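Here the structure is a predicted model, which is why all the values come from computation and not from measurement. Every heavy atom of this structure was used, including side-chain atoms; hydrogens, water molecules and symmetry mates were not. Quick note on labels: first sequence line is chain A, next is B, and so on, each numbered from 1.
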2 protein chains.
Amino acid sequence: MSAPSVRVTIKDVAAAAGVSKGAVSLAFNDKPGVSDATRERIFAAARQLGWAPNSSARSLSRQSVDTVGLAICRPARLLGLEPFYMEFVSGIESVLAERDCSLLLRLVGSLDEEIGLQERWWRERQIGGSILVDFHHEDPRIAPLRRIGLPAVAVGHPSLTGGFPSVWTDDDAAVAEAVRYLAVLGHRRIAHVGGPRGLGHSTIRTTAFERTMSELGLDGGPHVETAFSGEDGARATRSLLLSAERPTAILYDNDIMAVAGLGVAAEMGVSVPDDLSLLAWDDSQLCRLTHPTLSAMSHDVHGFGAQVARVLFEVLAGHDVTSGPVATPSLVPRASTAPPPS
Amino acid sequence: MSAPSVRVTIKDVAAAAGVSKGAVSLAFNDKPGVSDATRERIFAAARQLGWAPNSSARSLSRQSVDTVGLAICRPARLLGLEPFYMEFVSGIESVLAERDCSLLLRLVGSLDEEIGLQERWWRERQIGGSILVDFHHEDPRIAPLRRIGLPAVAVGHPSLTGGFPSVWTDDDAAVAEAVRYLAVLGHRRIAHVGGPRGLGHSTIRTTAFERTMSELGLDGGPHVETAFSGEDGARATRSLLLSAERPTAILYDNDIMAVAGLGVAAEMGVSVPDDLSLLAWDDSQLCRLTHPTLSAMSHDVHGFGAQVARVLFEVLAGHDVTSGPVATPSLVPRASTAPPPS
DNA sequence: AAGGAGGGCTAGACCGGTTCACTTCTGTGG
DNA sequence: CCACAGAAGTGAACCGGTCTAGCCCTCCTT
């Protein structure tokens, strides 16, 4: 009664259908060379035996794999908190699934570890290509991974991705929109709680922040670097609120830090949005659950992931790749932003 | 200059080292039959050619795969929010990585879709085994997956997992602890915001809640069913706070709903913890970021994932499996719980 | 009726490893 | 000096598919 542990192979199906292995292969790959009647007979036999082609054998002989890799390099405790990645992964998968492809996911502790992993994956032909995320300045992954010829698509601005075809969000424009919005509300002392300087998109956002501030004739607002954790966001907010030139608005680089900022404001008796406006990035459900609800720069992370996957398939198909930005994050005003106290 | 797209195989390495394919295989698998000197020569040749064994070829001839599957069935938007899964996955991977194993992750939309996926994975020999999560009552996955003989470990109480070896947390005991704690503080009207009834561990918690309440001689506190989303948590909290018999304490089944509950209390001018105590489940960083900080039932999710992976390896090795619970979640009191108003 | 085209199908090489039966060589005990 | 054990290494079969060259047949053309 237990599982028939006999391994059923293409040969068994062929025998059952009274044809050769080759015919079965043709039928299962939708290729011409078998009549409709035979094809049906083959499918029936396969169904009855519960056979599906062995994927190792298939990729061995096809010389190709239908798996793509994704390594994410952040401490797990942080990752769990950022809704971004799960949503991103689900976008990737929505496209992979259409093509019967799988995603090999790995959380790594450092970029060097990632380099080793990607190299191994590629050399062992475990993956057909990879998605590279979180680019740093002068990213150390670029040289070795290009050298081994790993087909990949990079998530990040082309200025960071060292020649890999890439997909990115126009953070520069989005930051500008965020800052201008706060300025229009009347804020003049605007602070920015950003990510670590090494991380490419953090730098882009920080630069955009400073540029926009000076374009608006506002003295460069204070900028604090963090590692994206909630604790960091709380610490940064606390120190900003205690500073002599206390800002009237704070722009955060993710939503978890903004939530933390809201907590700190409450703790210090600073009223949001009356005394202080907060603006989050990476809008997630979280921003709608707090009181007051958080205004945020929102974007379609699921669609972002899907687009990345689509471009990867272009790369794998050997097509000319269409690097390009996805839709720019746009402002969703909620209850955490208002004119500054007069 | 571009990547030397020549495929280097074991034959090339053998030639370079002046031995046969077999010798290279022995060397790379740490098997006796080659001298230390030869072994070194082989490694040197491999290193120089940048060779690593092709994983498809290897699993084809070994008749085994070093990949395990995990399908998670929840809407992506929800998933992103629950820190639980990322942390859980990272725990799984910490064990897989030690054994050079990979995780195939897929987000699915329904249990039926998962059944199809797991069957395909297994029949195509893409995975050597699987991790099954989120068991429902009379879970429809059990019968078909047992029938095809998929080696798997289940995450959930044995009463739910239909004979699959399993790992679980003792939610019953944890709920009892939570309720008793609130009772000791003096609360008598305690409410429970739980998950959907179909979901196994939700039912266990709900039952435990009701049992403990009656053991303590408290009239069965109101229980609300939700789908685990923040919006659900907000809605549930709102209706509880508006009810005639307004509870003085609420126990939530995850942390995101507790955060939402906190927002609703603030919005309605109900002071936490003075007028209302809140207790969260699945303690994450989030619980420390709000104001007030959230008391929670905390457990080591990373370790949970790791233990699940270890048991899966037992299963794969054909050993007798050691099903068993992991450490029971324990209460971490913070600022959201206090005695009820007198 | 001969020649050609093309559909349907098969045999067998091949993908890149692992493994097993077997050979060769070296040292060892009787 | 021979028998024998064990270590080192080889050659070929095998894993389960894909794919190409080629065979047979039917139908069409002239």
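Annotation: salt bridge (Lys or Arg N to Asp or Glu O under 4.0 Å) contacts involving residues 127-136 of chain B, sequence neighbours excluded, comprise Arg74(B)-Asp134(B). Residues in residues 98-148 of chain B take part in no ring-ring contact (aromatic ring centres under 6.0 Å, His included) pair, two or more places apart or across chains. For residues 148-161 of chain A, every residue pair satisfying the side-chain hydrogen bond (donor to acceptor under 3.5 Å, both in side chains) rule, not counting sequence neighbours, is listed here: His157(A)-Ser159(A).
Remark: Gln126(A) pairs with no residue by the side chain to side chain donor-acceptor pair (under 3.5 Å) rule, at least two apart or across chains. Considering only residues two or more places apart in sequence or on other chains, Asp320(A) meets the salt bridge (Lys or Arg N to Asp or Glu O under 4.0 Å) condition with none of them. For Arg62(B), the side chain to side chain donor-acceptor pair (under 3.5 Å) partners at least two apart in sequence or on another chain are Asn29(B).
Salt-bridge annotation for Asp66(B) and Arg58(B): absent, with no side-chain N of the basic residue lying under 4.0 Å from a carboxylate O of the acidic one.
Taken residue by residue, residues 57-65 of chain A places heavy atoms nearer than 4.0 Å to DNA chain D at Ala57(A), Arg58(A), Leu60(A), Ser61(A), Arg62(A). Against DNA chain D, the stretch residues 34-49 of chain B makes heavy-atom approaches under 4.0 Å through Val34(B), Ser35(B), Thr38(B). Residues from residues 10-32 of chain B with heavy atoms under 4.0 angstrom of DNA chain D, sorted by number: Val19(B), Ser20(B), Ala23(B).
For the atom pair CD1 (Ile72(B)) and CD (Glu93(A)), the distance works out to 9.0 Å, reported to the nearest 0.5 Å. The line from CZ of Arg141(A) to CD of Glu114(A) is 4.5 Å long, rounded to the nearest 0.5 Å. Leu132(B) CG to Cys73(B) SG: the interatomic distance, rounded to the nearest 0.5 Å, is 12.0 Å. Note that CG of Asp139(A) and CG of Leu145(A) are 8.5 Å apart. Values are rounded to the nearest 0.5 Å.
When DNA chain D is scanned 5' to 3' for any atom under 4.0 Å from a heavy atom of chain B, the first and last hits are dA8(D) to dG16(D). Using a 4.0 Å cutoff to heavy atoms of chain B, the contacted part of DNA chain C runs 5' to 3' from dG16(C) to dT19(C).
Enclosure of atom CD in Gln48(A) is not indicated, since only 12 or fewer non-hydrogen atoms of other residues, nucleotides or ligands lie within 6.0 angstrom.
The end-to-end axis angle of the helix from dA1(C)-dT30(D) to dG30(C)-dC1(D), rounded to 10 degrees and based on five pairs per end, is 50°.
Between Phe164(B) and Val315(B) there is no side-chain heavy-atom pair separated by less than 4.5 Å.
Under the 3.5 Å distance criterion, the side-chain polar atoms of Ser323(A) are matched with a main-chain donor or acceptor of Ser166(A).
Between Ser55(B) and Arg125(A), the shortest heavy-atom contact is OG-O, 3.8 Å. Scanning all heavy atoms of the two residues, the minimum distance from Ala309(A) to Leu96(A) falls at CB-CD2, 4.4 Å.
Just one of Ser59(B), Ser64(B), Ser61(B) meets the side-chain hydrogen bond (donor to acceptor under 3.5 Å, both in side chains) condition when paired with Ser56(A); it is Ser59(B).
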